[in-house]
**Q** 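The structure follows.
We count ligands from 1, going down the list as the structure has it; atoms in each ligand are counted the same way. All values reported here derive from a predicted model rather than from experimental measurement.
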Amino acid sequence: MSNFSRRRFLLTAGATAASSVFLKGCLGNPPSPAALSPKAEAIELSPEQVPETSTVKLGYIPIVEAAALVIAQEKGFFAKYGMTDVKLAKQASWASARDNVTIGSANGGIDGGQWQMPMPHLISEGIITNGRKIPMYVLAQLNTQGNGIAIARMHKGKGLGLDISGAADYIKGFQQANGRKFKAAHTFPQVNQDLWIRYWFAAGGVDPDNDIDLLAVPSAETVQGMRNGSMDAFSTGDPWPYRIVADDIGHMAAVSGQIWRFHPEEYLSIRADWVDKNPKATKAVLKALMEAQQWCDQAKNREELVQIVSQRNFFNVPIRILQPPYAGKYAMGDGKADVGDFKMGPMYWKDDIGSVSYPYKSHDLWFLTESMRWGFHKGKINDIDQAKQIIDRVNREDLWREAAKEAGFNSEIPQSTSRGVERFFDGKEFDPENPEAYLNSLAIKRV
Ligand code: CA
């Protein structure tokens, strides 16, 4: 890269704070279009499958969770099913995505897109939208895994790994030794990344509400804080974990697949009014997503996937930063063994338990049970029965099933709306038939 183009690149990238933190050295040549495989071809749709509209505006956040949406667009799967004008709209933050779905595409916002959980349920109930209820439908899971907990460099050698029970006193005593509490961040409160780090702290005997400061902070600010010693931990998703270790900003305590193997991660959810008006288009979107997810999970496609999503109009990060997580490779740092298992990285269609794409109601129930554990929505979501009623309104696994059947993925359709008992690294179990037993088994909780 010439000095001129490098300077220009740095100036451009500097506009995106998240990208500016890490740029080092030359970033390699742009991918050659010749390396890309052909796009899917349009198929002849039966009259009952022709979508009511060919357009939908879906928001996404430029992290690995969004890959199947990008691939559905770029490899022609949306167009294959008649959705020839899908607009993928990059969102500046989760709060922007929430605000944009609240106003809807007719007013310059979005119809739906990528969400952490249980954002669709909270938006439907008006809990994070100033009381304004925007009914939404959960339609598919986008991915499993691909997230993790990063620790600032200053805590090397203190035993901050998957199990922190041996380091709990160090974390709790941090205030006395340093004049401030141990500080941890996520990017949006009361959803996945907050839930993962809360689970991890509490499993090790650290109360995330009382023993530390845990708050929502933009990613770039968190990473700067980790560099300058004002931030201690970050619950985040790929490609941040790789960058934090590669740039020696810190190490990984755990990747999310170690905390809960094949856990539910982010989801596709669209406003109910759009889905109700466009049921065939909804199923067309789902079929395209399913094909994209299958494409993403084939190891032979990962190199091309990285080339596509790394582009400036999508994730805007160098290819070298996305390659390791997409191969399931994580340098953990701090003396821990590296992870090198394709199935420990992000997966999109199928894992060793079953379907990744199918939106199990039992997973929605875990998210709402965990919300109850932390006392998040007292007075709004009060008990398991009420949680189940909300899930029955929001989760449209029936549409996923119909779409999968129409697309011919019959053998991939789960038998039940429950994935069954879930197991965590610390031996706890969540039985969807008995969420109360799970809550009872937890030592640190607000219920
Ligand atoms: Ca995530």
Side-chain angles (χ1 to χ4, degrees), residues 18 58-70 88 90-98 101 112-123 128 138 140-150 184-200 214-220 222-223 233-244 252-269 289 293 296 305 309 314-315 317 321-322 324-326 328 330 339 344-349 351 356-357 359-360 363-364 366-367 370-371 424:
L58 301 175
Y60 76 96
I61 301 281
I63 49 178
V64 294
E65 286 83 344
L69 290 172
V70 172
L88 294 184
K90 199 188 285 192
Q91 304 294 298
S93 66
W94 293 106
S96 306
R98 173 202 56 199
V101 84
Q114 170 193 356
W115 304 97
Q116 294 197 71
M117 288 291 254
M119 289 182 84
H121 307 74
L122 301 179
I123 293 168
I128 55 171
V138 163
Q141 186 178 195
L142 291 173
N143 71 301
T144 179
Q145 306 181 149
N147 287 250
I149 294 163
H186 49 70
T187 53
F188 195 83
Q190 307 184 339
V191 297
N192 298 40
Q193 264 63 67
D194 189 7
L195 297 174
W196 304 148
I197 199 165
R198 281 172 172 272
Y199 191 96
W200 172 79
L214 177 57
L215 58 170
V217 179
S219 301
T222 295
V223 174
F234 184 20
S235 180
T236 186
D238 291 327
W240 289 98
Y242 172 79
R243 297 169 133 191
I244 285 165
M252 293 304 295
V255 292
S256 55
Q258 294 172 321
I259 296 173
W260 179 4
R261 194 88 209 257
F262 305 127
H263 62 83
E265 186 49 38
E266 292 174 16
Y267 284 70
L268 172 70
S269 179
L289 176 70
Q293 289 178 307
C296 288
L305 183 159
V309 299
F314 296 118
F315 297 2
V317 290
I321 282 175
L322 285 167
Y326 271 116
Y330 296 89
V339 172
M344 281 300 277
M347 297 181 68
Y348 299 92
W349 175 244
D351 57 32
V356 172
S357 176
Y360 288 101
H363 287 162
D364 294 27
W366 181 83
F367 282 108
E370 199 70 359
S371 301
F424 297 80

**Q** Give the atom name of whichever N/O/S atom in E265 sits closest to the Ca ion (ligand 1).
**A** OE2
**Q** Assign the ring pair W260 / W196 to parallel, tilted or perpendicular, where the plane angle (0 to 90°) is split at 30° and 60°.
**A** perpendicular
**Q** Using 3.0 Å as a strict upper limit, say whether an N, O or S atom of N147 approaches the Ca ion (ligand 1) that closely.
**A** yes
**Q** Would you call T236 and T222 a side-chain contact if the rule is heavy atoms closer than 4.5 Å?
**A** no
**Q** For a 4.5 angstrom cut-off between non-hydrogen side-chain atoms, does Q91 reach Y60?
**A** no
**Q** For the ring pair W366 and H263, is the centre-to-centre distance below 6.0 Å?
**A** no
**Q** Tell me which N, O or S atom from E266 is the closest to the Ca ion (ligand 1).
**A** OE2
**Q** Report the name of the N/O/S atom of E65 located nearest to the Ca ion (ligand 1).
**A** OE2
